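See below for the structure under consideration.
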Amino acid sequence: MSKISVHYFNERGLGEAIRTLLAYGGEDFDDIRYTDEEWEKFQPSTPFGQLPLLVISGKIYSQSNAIARYLGRKYGLAGQDVDEEFEIDQNVDYFTELRTVSADSFYEEDPEIRSKLLEKLFKDKAPRMLTKLDEIISKNNGHIALGKLTWGDFVIAGVFDYIKYILNLPDIEAKYPSFKKLVDNVNSNPNVQIFSRTGTKI
Ligand SMILES: N[C@@H](CCC(=O)N[C@@H](CS)C(=O)NCC(=O)O)C(=O)O
């Protein structure tokens, strides 16, 4: 058993940035993936009733962006000063708004409300936000901020396939080409490549 563990479901989702950041940092970690049944039992003992969690020597860390920022600071993938940190936070927050609004619409249970929400999302909010993000990433040479690799890139790369799926945009790379560059910038890291190939810790 390793002193570090990541707790999430058996998918990339919000857990993937944490896994790939740990891989980038060369950490040995247990990649624990819950079934729905296991999660039901484990949920009451978690801080917010949500996954992912990072556990280091028994200490629990929750909230995926906060964890990514924390690991980014550990592995030299954060800003050098408060202004640089602000730029990463600002742009990642904007991306996170797109992710959450998309998921809220996609998982709406009332079919009539869902179809209205999705129509508005596909027509207006998603193209507007994706265009803006594409512009930002392009200006930063394939990164979300600072023109270099930061934890924010891991956050986006980790959920890119998910965003593509819920926005029903199989051609997202053709429409918004800078996203592919960002994902490649994360995935081309040798430690991340080993993790992605083997699906296990380094
Ligand atoms: N703001 C949280 C959101 C976490 C979240 O929504 N987790 C979902 C999975 S992606 C979850 O735990 N769902 C299980 C449940 O609510 O029972 C974060 O970024 O970590």
Side-chain angles (χ1 to χ4, degrees), residues 1-34 39 42 45-48 50-96 99 133 136-137 140-163 178-202:
M1 215 175 103
S2 172
K3 80 175 175 83
I4 304 177
S5 52
V6 179
H7 301 246
Y8 195 60
F9 303 103
N10 190 21
E11 53 196 55
R12 289 165 56 84
L14 297 182
E16 195 67 5
I18 302 170
R19 297 179 186 125
T20 47
L21 277 162
L22 288 169
Y24 178 91
E27 302 282 8
D28 188 26
F29 65 98
D30 292 328
D31 187 4
I32 299 169
R33 295 169 184 246
Y34 292 86
W39 169 234
F42 180 58
S45 68
T46 64
F48 300 102
Q50 290 177 321
L51 294 178
L53 298 179
L54 169 70
V55 181
I56 304 178
S57 302
K59 179 168 176 184
I60 299 175
Y61 300 78
S62 187
Q63 297 301 320
S64 60
N65 284 357
I67 297 171
R69 187 181 301 112
Y70 169 75
L71 294 176
R73 286 180 179 144
K74 281 196 169 181
Y75 306 137
L77 291 171
Q80 300 287 331
D81 55 37
V82 286
D83 281 288
E84 286 199 0
E85 291 198 336
F86 175 79
E87 187 180 320
I88 307 172
D89 285 344
Q90 167 193 264
N91 296 352
V92 171
D93 278 2
Y94 189 65
F95 173 80
T96 301
R99 175 178 63 72
L133 284 160
I136 293 171
I137 297 168
N140 282 287
N141 197 25
H143 302 97
I144 192 60
L146 307 181
K148 63 175 186 183
L149 191 70
T150 67
W151 61 267
D153 298 319
F154 285 72
V155 167
I156 295 173
V159 291
F160 185 66
D161 287 344
Y162 172 74
I163 287 281
S178 69
F179 279 90
K180 182 174 173 356
K181 208 167 165 197
L182 179 150
V183 171
D184 289 347
N185 279 335
V186 171
N187 291 344
S188 62
N189 175 267
N191 282 359
V192 173
Q193 275 182 358
I194 294 170
F195 173 75
S196 305
R197 254 200 320 273
T198 61
T200 58
K201 59 188 185 273
I202 293 167

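As the structure is a computational prediction, the values presented were derived from the model and not from experiment.
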Inset, instruction - Identify whether the distance between the nearest side-chain nitrogen and carboxylate oxygen of K3 and D28 falls below 4.0 Å. - result: no
Legend entry - N-O pairing of R73 and E85 below 4.0 Å: yes
Inset, instruction - Give the intermediate values and the outcome of side-chain contact (heavy atoms from CB on, under 4.5 Å) for residues L149 and H143. - result: CA-CA 6 Å; L149 191 70; H143 302 97; 4.2 Å; yes
Note, [X] side chain near [Y] side chain (heavy atom, < 4.5 Å):
X: E16; Y: V186; value: no
X: L22; Y: F195; value: no
X: R12; Y: D161; value: yes
X: L133; Y: Y94; value: yes
X: I56; Y: S5; value: no
X: T46; Y: W39; value: yes
X: H7; Y: V55; value: yes
X: R99; Y: L14; value: yes

Which atom pair, heavy atoms only, marks the closest approach of [X] to [Y]?
X: F48; Y: S62; answer: CD1-OG, 3.3 Å
X: I144; Y: I136; answer: O-CG2, 3.4 Å
X: A145; Y: N91; answer: CB-ND2, 4.0 Å
X: P47; Y: I60; answer: CG-CG2, 3.8 Å
X: D89; Y: R69; answer: OD1-NE, 2.9 Å
X: L51; Y: F9; answer: CD1-CZ, 3.7 Å

Legend entry - Test side chain to side chain donor-acceptor pair (under 3.5 Å) applied to E11 and Y162, step by step: CA-CA 10 Å; E11 53 196 55; Y162 172 74; over 6 Å; no
Find the distance between [atom1] ([X]) and [atom2] ([Y]) and round it off to the nearest 0.5 Å.
X: N140; Y: I137; atom1: CG; atom2: CD1; answer: 8.5 Å
X: N191; Y: L21; atom1: CG; atom2: CG; answer: 11.5 Å
X: D83; Y: Q90; atom1: CG; atom2: CD; answer: 11.0 Å
X: L71; Y: E27; atom1: CG; atom2: CD; answer: 8.0 Å
X: I32; Y: L53; atom1: CD1; atom2: CG; answer: 10.0 Å
X: I4; Y: I18; atom1: CD1; atom2: CD1; answer: 12.0 Å

Inset, instruction - May I ask you to decide if the ring planes of Y24 and F154 are parallel, tilted or perpendicular, using 30° and 60° as cut-offs? - result: perpendicular
Inset, instruction - Indicate the ring-plane relationship of F160 and F179, choosing parallel, tilted or perpendicular according to the 30° and 60° boundaries. - result: parallel
Legend entry - Any donor-acceptor N/O pair, E84 side chain to Q80 backbone, under 3.5 Å: yes
Inset, instruction - Please assess D30 against V6 for the test side-chain contact (heavy atoms from CB on, under 4.5 Å), listing each intermediate value before the final yes or no. - result: CA-CA 6 Å; D30 292 328; V6 179; over 6 Å; no
Inset, instruction - Tell me whether the centres of the aromatic rings in Y8 and Y34 are closer together than 6.0 Å. - result: no
Inset, instruction - Output, in order, the C-alpha distance, side-chain angles, deciding distance and verdict of side-chain contact (heavy atoms from CB on, under 4.5 Å) for D31 and R19. - result: CA-CA 8 Å; D31 187 4; R19 297 179 186 125; 2.9 Å; yes
Inset, instruction - Could you walk me through whether N65 and T96 pass side chain to side chain donor-acceptor pair (under 3.5 Å), step by step? - result: CA-CA 9 Å; N65 284 357; T96 301; 2.9 Å; yes
Inset, instruction - Step through the shown structure and confirm whether more than 12 heavy atoms of other residues, nucleotides or ligands are within 6.0 Å of CZ on F86. - result: no
Legend entry - Verdict with supporting geometry, L54 and F29, side-chain contact (heavy atoms from CB on, under 4.5 Å): CA-CA 10 Å; L54 169 70; F29 65 98; over 6 Å; no
Legend entry - Pair K148, N141: side-chain N/O donor-acceptor within cut-off below 3.5 Å: no
